[in-house]
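Notes for the one structure printed next.
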Amino acid sequence: MTAVTPAPPSTAGAPAPADIAPGSRSGGRSRLRAAAGFAFGAALLFAVAPLALSDFRLALLAKYLCVAMVAVGIGIAWGRGGMLTLGQGVFFGLGGYAMAMHLKLADAGPGGMPDFMQLYGQLDELPVWWRPFASPWFALPATVLLPMAVAFGLGSLVFRRRVRGAYFAILSQALAAAMVILLIGQQGTTGGTNGLTDIQGFFGYDLDDPVNQRMVYFIIAGVLLALLALARQLIHSRYGELLVAVRDSEERVRFLGYDPASVKLVAYVVAAGMAGLAGALFVPAVGIISPALIGIVPSIEFVIGVAVGGRATLLGPVLGAVAVAWARTALSERFPGTWTYLQGLLFVVVVAFLPGGLASLWALARRRDAGPEQSRRGWPAPARRRASRAEAHR
Amino acid sequence: MSDDRLDGLSVRDVRVSFDGFTAVDGVSLEVPAGDIRFLIGPNGAGKTTLVDAITGLVRATGSVCFGDQELLGRPVHRISRLGIGRTFQTSTIFEELSVVQNLDIAAGARRSWATLARRRRGIPDEVAAALETVGLTGRADQLAGTLAHGQKQWLEIGMLLVQDARLLLLDEPVAGMSHEERDATGALLETVSRDRTVVVIEHDMDFLRRFARSVTVLHAGKVLSEGTVAQVQADPRVQEVYLGHPVDAGPVPSGLEA
């Protein structure tokens, strides 16, 4: 087997004959456009937003951007890999709780116990499984690695047994429900329904200080951009193409000699890691993590944003997640109680009439612009068709 | 392709049953290396099920060897990696990807994760060669879903080529094709069989007469007859069960089996 060696470095900058999209934009130009897009996004997040928004609104935006990180992961797992993950709250929660446990322990000081444990009063000392989280060297990697490990375990079991479609969605949702029940049931060590609240400091910085809140916002914005860059690399890599192939025809991929289970597992684990990171950053931004923030309802809300924005695109999930989260705040400020219905309606309308999300409107408009040229390239004249037949003849 | 070995397929006493119904009932056949073997038989004869058994899609008893490798009992993707490639009655290309992307994926089952994580640059040599062989060079960047029906089938065959399949199992490759497309497909099979073994399930008798090197007739899960086109056509049992009534094909011109 002649393993495919990547093209020699000399051609690396030259336009590749075929890019990810048919109709072939050159690789160089698309990379340039992506760089410009990232620069624009960075300017928006790092300069415009902090100048234009009040501290209160900026803190809200920080929260939305955390949701957007989860959305990037869902875009990969669901949009590209076809796995409808209705339980991303589990991974978001694992990341969030890992971070919150560390911050609570840091607040309590060396040898101290988190306030709620003293309040419920049944514990003489810190539970064993809390102890490692006192060290940032354990807690910080754990916010990402713990969700990834859980996703790996679950995914290995599920994908090899060829559980997919609605069954996978229900299973992932059940996991979210189970996690919430577990957390509430262990009130003495997890804070129960209240969750881990009243977090004061973030690695020595007082979170009540607006300047520090702003710093947290900048960290979140930077991480989101980094995750987008990672997602873009993943989507445009050979693996990204393979993932789409698995989504569209898992059986066929198997007959090509791949194990689709491992292909899906990678996307699922990456999405879980992103959700975990998002949860970890959500904690300093909002100051709380609780079962209500990671259960079935938030898990579905993550997915709605992605569906509205356009699940198979890079930016669609991010913009959709931010837009839906923003609409939720704006509308429930004015009409409390109606948002739930509106959100449900939005989801139904998008799924029924615009399965590609709002991003597909954008793509549609672009195709209309490029109309005549596209048709010339895409649907060739009969003469050319005959020529290709003749070629097959030889 | 570094692996130039030509191997034959050896099927011995293969049985497949579903809930008591025996779809393949003790089939044995030998396909020598480099053959173009046609599998024919009325609907329900077990042709596709036999191919399913060979490729690991359904559970079977007996023995299937390609070269010296036993295939039965291995999972689908492992069998594929031994050089067994197949197509299906309906086209199963990845319609949302371009022709090149389809071929590149087919070429890559043995790629490392490090290679997978990088972007494809240009068109790999074996993909370019397959594009040339199946006549889709001019459509490399087109979405596979927008190809004409015949071209989709050729793309499927192209995917088997880059996959480095040394045994091609094609399920009704010319169904729904125009006359010229059939000719082109037949020529393609002849090219391909120079360094590969080909097994074709087909209903089209005209196509069979022109391109088969040998024929196996299945009926009710058993091998009914086997031989050259002329031998099989002359077999009265075949005429009875397959053609429905005896002596319909008329005298077979000599030399047609070539």
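Chain naming here is simple, since letters A, B, ... match the order of the sequence lines and numbering starts at 1 in each.
Two residues are said to be in side-chain contact when any heavy atoms from C-beta on lie closer than 4.5 Å; B:Glu96 and A:Arg247 meet this criterion. A:Arg238 is not listed as a side-chain neighbour of B:Arg118, based on a closest heavy-atom distance of 4.5 Å or more.
To the nearest 0.5 Å, atom CD of residue B:Gln163 and atom OH of residue A:Tyr258 are 9.0 Å apart. Rounded to the nearest 0.5 Å, atoms CH2 (B:Trp113) and OG (A:Ser237) are 10.0 Å apart. With values rounded to the nearest 0.5 angstrom, B:Arg78 atom CZ is found 7.5 Å from A:Asp259 atom CG. Rounded to the nearest 0.5 angstrom, B:Leu57 CG and A:Glu251 CD are separated by 6.0 Å. Atom OG1 in B:Thr55 sits 11.5 Å away from atom CZ in A:Arg254 (nearest 0.5 Å). Taken from CG in A:Leu242 to CD in B:Gln101, the straight-line distance is 11.5 Å, to the nearest 0.5 Å.
Around atom CZ of B:Phe88, more than 12 heavy atoms belonging to other residues, nucleotides or ligands sit under 6.0 Å away. No more than 12 heavy atoms of other residues, nucleotides or ligands lie within 6.0 Å of OH in A:Tyr167, so this atom counts as exposed by the packing criterion. Shown here is A:Phe353, whose CZ atom has no more than 12 heavy atoms of other residues, nucleotides or ligands within 6.0 Å. The 12-atom threshold is not exceeded at CZ of B:Arg59, counting heavy atoms of other residues, nucleotides or ligands nearer than 6.0 Å.
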Audit row: A:Arg252, B:Arg86, side-chain contact (heavy atoms from CB on, under 4.5 Å) steps and yes/no: CA-CA 9 Å; A:Arg252 185 70 177 98; B:Arg86 75 173 290 187; 5.9 Å; no
As a quick check of understanding, evaluate side-chain contact (heavy atoms from CB on, under 4.5 Å) for A:Val244 and B:Phe94, giving each step before the final call. CA-CA 8 Å; A:Val244 170; B:Phe94 309 115; over 6 Å; no
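When all heavy atoms of B:Ile105 and A:Ala245 are compared, the closest pair comes out as CD1-CB, 3.7 Å. The minimum heavy-atom distance between B:Ala109 and A:Leu256, with the atom names listed, is CB-O, 3.2 Å.
Residue A:Asp248 touches chain B through its side chain alone, counting heavy-atom pairs closer than 4.5 Å. Within the 4.5 angstrom heavy-atom criterion, atoms from both the backbone and the side chain of A:Val253 approach chain B. Contact of B:Leu147 with chain A is not made at all, since no heavy-atom distance falls under 4.5 Å.
Salt bridge absent: B:Arg119 and A:Glu241 never bring a charged side-chain N and a carboxylate O closer than 4.0 Å.
B:Ser80 contributes a side-chain N or O that, together with a main-chain N or O of A:Gly257, makes up a donor-acceptor pair within less than 3.5 Å. Under the 3.5 Å distance criterion, the side-chain polar atoms of A:Gln233 are matched with a main-chain donor or acceptor of B:Ala117.
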